[in-house]
K.L.:
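Next up is a structure, given as structure tokens.
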Amino acid sequence: MKRILIIDDEKSLVRFIQLELEHENFFVKAAYDGNNGLQMALSEDWDLILLDIMLPKINGVDVCRRLRTVKSTPVIMLTARDRLEDRVSGLDNGADDYIAKPFDIEELLARMRALFRRMDLKAHQEHKVLTFKEITIDLDARIATRGGNVIDLTKREFDLLAVFMKHPNLVQTRDMLLDLVWGYDSQVETNVVDVYVRYLRNKLDMPGEESIIQTIRGMGYVMR
């Protein structure tokens, strides 16, 4: 269930929006001034903030600007001020979208859905490229680089590196690596994992530096 925070001093409007969103199976909380709204925005995790510009204590633009120094929570501005400079100010200070009052609830829901789709797509795209220290791998293109230089890897080497990159600082046993890279029903012996870790080290490590893939005696390997 997605969590929505409404920050608006028009209590009747807030109640209307809250009831409509709860009917759509959102979890909704409200704040009625900028100070309390900012505190709630910073102290809890939200999937979306609906933020009015004209607020007591701290205006919505300042709330959004302060929020953006700490969090990237999506923000839709709700305001009766529909001048171009107001829209630009809100967007320049970190708002993701802008809707002028009065509005139909169907339009608000459509904008929310569109924003969630963009956020989901962005998260999906970011997940396809993994970075740890100087090493980056593109899971779709199956390209690995260190410091911008392409690392020539076999399919198995790339798959093994991808496991380490997805779980940095987490110890992987030889059996776990064997299952994830070769398959649980593989007839390959676990010492093959040691061979491929050595191959990776030869291609990833810089002379004179500690290996980025370290051996944990009696357990397995960890990238750190």
Side-chain angles (χ1 to χ4, degrees), residues 1-132 136 138-140 165-166 168-169:
M1 179 181 292
K2 291 190 181 297
R3 293 168 51 84
I4 312 297
L5 173 63
I6 306 173
I7 308 176
D8 195 313
D9 61 335
E10 293 184 52
K11 293 187 178 182
S12 59
L13 175 63
V14 169
R15 184 57 180 162
F16 169 72
I17 296 173
Q18 183 172 1
L19 290 173
E20 292 291 336
L21 294 185
E22 288 175 346
H23 180 71
E24 297 292 330
N25 295 316
F26 292 104
F27 173 84
V28 184
K29 291 179 72 174
Y32 302 104
D33 64 69
N35 187 46
N36 287 330
L38 180 59
Q39 291 180 16
M40 292 175 65
L42 294 175
S43 63
E44 300 182 50
D45 291 328
W46 305 96
D47 294 292
L48 175 66
I49 297 174
L50 303 178
L51 176 63
D52 187 26
I53 284 185
M54 298 297 290
L55 289 169
K57 299 185 180 179
I58 305 175
N59 68 56
V61 172
D62 284 340
V63 169
C64 192
R65 178 176 53 79
R66 297 186 195 185
L67 175 68
R68 281 292 172 262
T69 64
V70 181
K71 290 188 172 184
S72 57
T73 310
V75 173
I76 295 179
M77 288 286 194
L78 307 178
T79 180
R81 299 173 63 180
D82 193 28
R83 295 182 306 167
L84 175 61
E85 53 266 38
D86 295 324
R87 298 197 300 272
V88 170
S89 177
L91 295 171
D92 281 349
N93 281 279
D96 298 277
D97 201 357
Y98 190 108
I99 184 169
K101 301 175 183 177
F103 53 82
D104 291 328
I105 193 66
E106 289 80 9
E107 181 183 2
L108 175 61
L109 290 169
R111 287 177 180 265
M112 290 172 60
R113 289 192 294 268
L115 182 53
F116 289 141
R117 285 195 299 270
R118 293 199 300 270
M119 299 302 294
D120 289 344
L121 178 61
K122 181 180 178 181
H124 177 74
Q125 291 173 336
E126 289 176 348
H127 184 67
K128 293 297 184 180
V129 177
L130 306 176
T131 300
F132 185 76
T136 298
D138 186 320
L139 297 174
D140 283 338
M165 294 285 288
K166 290 176 181 176
N169 300 308

K.L.:
Provide the closest heavy-atom pair for Met40 versus Trp46 in the form atom of the first, atom of the second, distance.
P.N.:
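Here Met40 and Trp46 meet closest at O-NE1, 3.0 Å.
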K.L.:
Only counting residues at least two apart or in another chain, list the ones meeting side chain to side chain contact (heavy atoms under 4.5 Å, CB included) with Asn169.
P.N.:
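Result, side chain to side chain contact (heavy atoms under 4.5 Å, CB included) vs Asn169: Phe132, Arg224.
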K.L.:
Any side-chain heavy atom of Val75 within less than 4.5 Å of one from Arg68?
P.N.:
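A side-chain contact exists here, since the closest heavy-atom pair is under 4.5 Å.
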K.L.:
By side chain to side chain contact (heavy atoms under 4.5 Å, CB included), which residues pair with Leu19, not counting sequence neighbours?
P.N.:
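Partners of Leu19 by the side chain to side chain contact (heavy atoms under 4.5 Å, CB included) criterion, ordered by chain and then number, come out as Arg15, Glu22.
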K.L.:
Give a yes or no answer on whether the side chain of Asp33 reaches the backbone of Asn36 with a donor-acceptor pair at less than 3.5 Å.
P.N.:
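Side chain of Asp33 to backbone of Asn36, a donor-acceptor pair under 3.5 Å: yes, one is there.
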K.L.:
Quick one: are Leu21 and Leu109 in side-chain contact, heavy atoms under 4.5 Å?
P.N.:
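When only atoms from C-beta onward are counted, Leu109 and Leu21 do touch, with a gap below 4.5 Å.
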K.L.:
Would you say Ile53 and Met77 make side-chain contact, with heavy atoms under 4.5 Å?
P.N.:
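Yes, side chains in contact.
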K.L.:
Starting from the C-alpha separation in whole Å, work towards a yes-or-no answer on side chain to side chain contact (heavy atoms under 4.5 Å, CB included) for Glu24 and Ile4.
P.N.:
CA-CA 12 Å; Glu24 297 292 330; Ile4 312 297; over 6 Å; no
K.L.:
Identify the residue among Met119, Met112, Arg118 that makes a side chain to side chain contact (heavy atoms under 4.5 Å, CB included) with Pro74.
P.N.:
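The side chain to side chain contact (heavy atoms under 4.5 Å, CB included) with Pro74 is passed solely by Met119 among Met119, Met112, Arg118.
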K.L.:
Hey, what do you get for CG (Asp52) to CG (Asp9), rounding to the nearest 0.5 Å?
P.N.:
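Nearest 0.5 Å value for the CG-CG distance: 6.0 Å.
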K.L.:
Less than 4.5 Å apart, side chain to side chain, heavy atoms only: is that true for Leu50 and Asp8?
P.N.:
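When only atoms from C-beta onward are counted, Asp8 and Leu50 do not touch, as no gap falls below 4.5 Å.
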K.L.:
How long is the straight-line distance from CG of Asp96 back to CG of Leu51, given to the nearest 0.5 Å?
P.N.:
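With rounding to 0.5 Å, CG (Leu51) is 11.0 Å from CG (Asp96).
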K.L.:
Rounded to the nearest 0.5 Å, how far does CD1 of Ile49 lie from OG1 of Thr73?
P.N.:
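Taking OG1 in Thr73 and CD1 in Ile49, the distance rounds to 5.0 Å.
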K.L.:
With a 4.5 Å cut-off on side-chain heavy atoms, are Phe103 and Leu78 touching?
P.N.:
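When only atoms from C-beta onward are counted, Phe103 and Leu78 do touch, with a gap below 4.5 Å.
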K.L.:
Can you measure from CZ (Phe27) to NZ (Lys2) and round to the nearest 0.5 angstrom?
P.N.:
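The CZ atom of Phe27 sits 14.5 Å away from the NZ atom of Lys2.
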K.L.:
Taking all non-hydrogen atoms of both residues, which atom of Gln18 and which atom of Val28 are closest, and how far apart?
P.N.:
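Taking every non-hydrogen atom into account, NE2-O, 3.5 Å.
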K.L.:
Show, in sequence, the C-alpha distance, side-chain angles and deciding distance for Leu48 and Phe116, and conclude whether the side chain to side chain contact (heavy atoms under 4.5 Å, CB included) test is met.
P.N.:
CA-CA 9 Å; Leu48 175 66; Phe116 289 141; 4.0 Å; yes
K.L.:
Where is the tightest heavy-atom contact between Cys64 and Gly94, given as atom of each residue plus distance?
P.N.:
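Looking at all heavy atoms of both residues, the shortest contact is SG-C, 3.5 Å.
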K.L.:
Kindly indicate whether the side chain of Thr136, heavy atoms from C-beta on, has any atom under 4.5 Å from the side chain of Thr131.
P.N.:
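Yes. Closest side-chain heavy atoms under 4.5 Å.
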K.L.:
Taking all non-hydrogen atoms of both residues into account, name the closest pair between Met165 and Leu130 and its distance.
P.N.:
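Scanning both residues, the minimum pair turns out to be CE-O, 3.4 Å.
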K.L.:
Please check if the side chain of Arg111 supplies one atom and the backbone of Tyr98 the other of a donor-acceptor pair under 3.5 Å.
P.N.:
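Looks like yes, one N/O pair under 3.5 Å.
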K.L.:
Mark yes or no for whether Asn59, through its side chain, and Asp62, through its backbone, hold a donor-acceptor pair below 3.5 Å.
P.N.:
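Present.
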K.L.:
With side chain to side chain contact (heavy atoms under 4.5 Å, CB included) as the test, would you mind laying out the steps for Lys101 and Leu13 before giving the verdict?
P.N.:
CA-CA 10 Å; Lys101 301 175 183 177; Leu13 175 63; 3.6 Å; yes
K.L.:
Is Lys71 close to Asp45 at the side-chain level, that is, under 4.5 Å between some pair of heavy atoms?
P.N.:
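Side chain of Asp45 against side chain of Lys71, heavy atoms only: contact under 4.5 Å found.
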K.L.:
To the nearest 0.5 Å, what is the distance between CE on Met1 and CG on Asp47?
P.N.:
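Interatomic distance, Met1 CE to Asp47 CG, rounded to 0.5 Å: 11.0 Å.
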K.L.:
Would you mind reporting whether Ile58 and Arg66 have side-chain heavy atoms less than 4.5 Å apart?
P.N.:
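Yes. Closest side-chain heavy atoms under 4.5 Å.
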